[in-house]
Amino acid sequence: GTQVTISQPFNTTWVLKNTSSNGWDQNNVDISYVGAYNNVQLHSGSDLYDLSANVNTGATYNFTVSMIAPFSGGTYGEEWQVQQGSEVICQFYVYITVP
């Protein structure tokens, strides 16, 4: 729900906590873009990222994506997920308001 000015670049950082009983192996687990609220993509990079390190059970992982606010006012958002192959481990999102 953070307000972002029209066309303003910004970064979104999620702190993801591995609450499962298995570690996330950087060679097998990825972070991928799922979709956009209001069909407006905010991120300006890739749709798929490899983990840069293993994430043990109970540990956190910071994931940052460069984004840019749309050219018109409204509410926008994106959903992302942690996945291993076709198995979704967790999903997370961001919503912004452009006045």
[atom1]-[atom2] distance between [X] and [Y], expressed to the nearest 0.5 angstrom:
{"X": "W80", "Y": "L16", "atom1": "CH2", "atom2": "CG", "answer": "11.5 Å"}
{"X": "I68", "Y": "S7", "atom1": "CD1", "atom2": "OG", "answer": "6.0 Å"}
{"X": "Q84", "Y": "N22", "atom1": "CD", "atom2": "CG", "answer": "8.0 Å"}
{"X": "T13", "Y": "F63", "atom1": "OG1", "atom2": "CZ", "answer": "9.5 Å"}
{"X": "T97", "Y": "Y76", "atom1": "OG1", "atom2": "OH", "answer": "10.0 Å"}
{"X": "W14", "Y": "C90", "atom1": "CH2", "atom2": "SG", "answer": "11.5 Å"}

So which residues get pulled into Y93's cluster when ILVMFWY side chains under 4.5 Å apart are joined, directly or through others?
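Members alongside Y93: Y37, Y95.
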Give the minimum heavy-atom separation between A69 and V4, together with the two atoms involved.
CB-CG1, 3.6 Å
Which atoms form the tightest heavy-atom contact between V55 and N18, and what is the distance?
O-ND2, 3.1 Å
Counting distance only, does the side-chain N/O of [X] pair as donor-acceptor with the main-chain N or O of [Y] below 3.5 Å?
{"X": "E78", "Y": "L42", "value": "yes"}
{"X": "N38", "Y": "V40", "value": "no"}
{"X": "Q26", "Y": "N54", "value": "yes"}

Quick check: do [X] and [Y] have side-chain heavy atoms less than 4.5 Å from each other?
{"X": "V94", "Y": "M67", "value": "yes"}
{"X": "I31", "Y": "F92", "value": "yes"}
{"X": "Q83", "Y": "V34", "value": "no"}
{"X": "S72", "Y": "V98", "value": "no"}

Qualifying residues under ring-ring contact (aromatic ring centres under 6.0 Å, His included), relative to Y61, sequence neighbours excluded
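Not a single residue meets the ring-ring contact (aromatic ring centres under 6.0 Å, His included) criterion with Y61.
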Under the side-chain contact (heavy atoms from CB on, under 4.5 Å) rule, what do F10 and T2 come out as? Steps first, then yes or no, please.
CA-CA 11 Å; F10 64 99; T2 299; over 6 Å; no
Is there a path of hydrophobic side-chain contacts, each under 4.5 Å between heavy atoms, that joins Y49 and Y33?
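Same hydrophobic cluster.
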